[in-house]
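Structure first, then comments.
Just so we're clear, the structure is a prediction, and the values are computed from it rather than from any experiment. Just follow the structure's listing: the first ligand is 1, and inside any ligand the first atom is 1.
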Amino acid sequence: MTSRAPIGPGNTPFDMIGQEAAVALAERFYDHMDAHEPALVAVHRTNEAGDKVAPVVRERFGAFLVEWLGGPNIYSSVNGHPRLRMRHMHVAIGIEMRDAWLRCMNAALEHPSIDDDVRSYLRRRFAEVADFLRNRAEP
Ligand code: HEM
């Protein structure tokens, strides 16, 4: 049995999957959203037809992912600190939106470029952050 360093500082998800896979993860995430989650598409900036998330959103989230996974700071050097809760306040995020978002991300994570340990680690981390971004009281 091989033992590997745990995921964390010094062995980040970015170290394990690399920039190409990180950017491709963002692309698959929005591909899934465009194809399967119209209510989620509708709260994003869209293309002119209004049926797909705009390329600028893909680019910003792709840059964020590279940085958040442990890569170079290509998001914050342009946009400043992500301040995720603040940047999501204009969107009503309840349980349904959270779960729709996570369906897209979990589908995007099902890909051979994502190492199994990284996949289960990221599923957990994304679930935590998505829950933290809920900003509407639910019954
Ligand atoms: C919980 C459900 C979520 C919903 C409904 C949601 C929705 C949105 C929307 C509507 C935008 C604005 C896109 C635009 O400019 O039109 C956005 C941007 C963004 N989201 Fe989320 N999001 C969610 C979760 C997350 C999570 C979990 C993360 C991080 C792990 C995240 C990271 C970002 C980033 C980095 C941006 C770009 C901010 C910027 O620079 O403009 N989001 N999201």
Does [X] reach the side chain of [Y], with side-chain heavy atoms less than 4.5 Å apart?
{"X": "R28", "Y": "E110", "value": "no"}
{"X": "L25", "Y": "M105", "value": "yes"}
{"X": "F126", "Y": "W68", "value": "yes"}
{"X": "R98", "Y": "I95", "value": "yes"}
{"X": "R134", "Y": "D131", "value": "yes"}
{"X": "V56", "Y": "R45", "value": "yes"}
{"X": "Y75", "Y": "V66", "value": "no"}

Could you list which atoms of ligand 1 come closer than 4.0 Å to a heavy atom of [X]?
{"X": "V129", "result": "27 (C), 30 (C)"}
{"X": "V91", "result": "10 (C)"}
{"X": "L133", "result": "24 (C), 25 (C), 26 (C), 27 (C), 42 (N)"}
{"X": "I93", "result": "1 (C), 2 (C), 3 (C), 4 (C), 5 (C)"}

So F61 and F64, would you call those rings parallel, tilted or perpendicular, with 30° and 60° as cut-offs?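 The rings of F61 and F64 lie parallel, inter-plane angle below 30°.
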Nearest non-hydrogen protein atom, [atom]:
{"atom": "atom 18 (C) of ligand 1", "result": "H88 NE2, 3.9 Å"}
{"atom": "atom 26 (C) of ligand 1", "result": "W101 CZ2, 3.3 Å"}
{"atom": "atom 10 (C) of ligand 1", "result": "V43 O, 3.2 Å"}
{"atom": "atom 9 (C) of ligand 1", "result": "H44 NE2, 3.4 Å"}
{"atom": "atom 34 (C) of ligand 1", "result": "F61 CD1, 3.8 Å"}
{"atom": "atom 16 (O) of ligand 1", "result": "R45 N, 2.7 Å"}
{"atom": "atom 5 (C) of ligand 1", "result": "L40 CD1, 3.6 Å"}

Judging by distance only, is a nitrogen or oxygen of [X] under 3.5 angstrom from one on ligand 1?
{"X": "N79", "result": "no"}
{"X": "W68", "result": "no"}
{"X": "R98", "result": "no"}
{"X": "R60", "result": "yes"}

Would you find more than 12 non-hydrogen atoms of other residues, nucleotides or ligands less than 6.0 Å from E27 atom CD?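 It does: E27 CD has more than 12 such atoms within range.
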Kindly identify the option in F64, F132, F126 whose heavy atom sits closest to atom 35 (C) of ligand 1.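 Heavy atom nearest to atom 35 (C) of ligand 1 belongs to F64.
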Please determine if R85 forms a cation-pi arrangement with F132, meaning its NZ or CZ atom is less than 6.0 Å from the six-membered ring centre and no more than 45° off the ring axis.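 Yes, a cation-pi geometry holds between R85 and F132.
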So which bit of V56 gets within less than 4.0 Å of ligand 1, heavy atoms only: side chain, backbone, both or neither?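 For V56, no heavy atom sits under 4.0 Å from ligand 1.
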I'd like to know whether ligand 1 has Y75 as a neighbour, heavy-atom separation below 4.0 Å.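 Yes, that is the case, since the closest heavy atom of the residue is under 4.0 Å from the ligand.
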I'd like to know if the side chain of T46 reaches the main chain of A42, judged simply by a donor and an acceptor atom lying under 3.5 Å from each other, with no hydrogens or angles considered.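 No, because the side chain of T46 does not come within donor-acceptor range (under 3.5 Å) of the backbone of A42.
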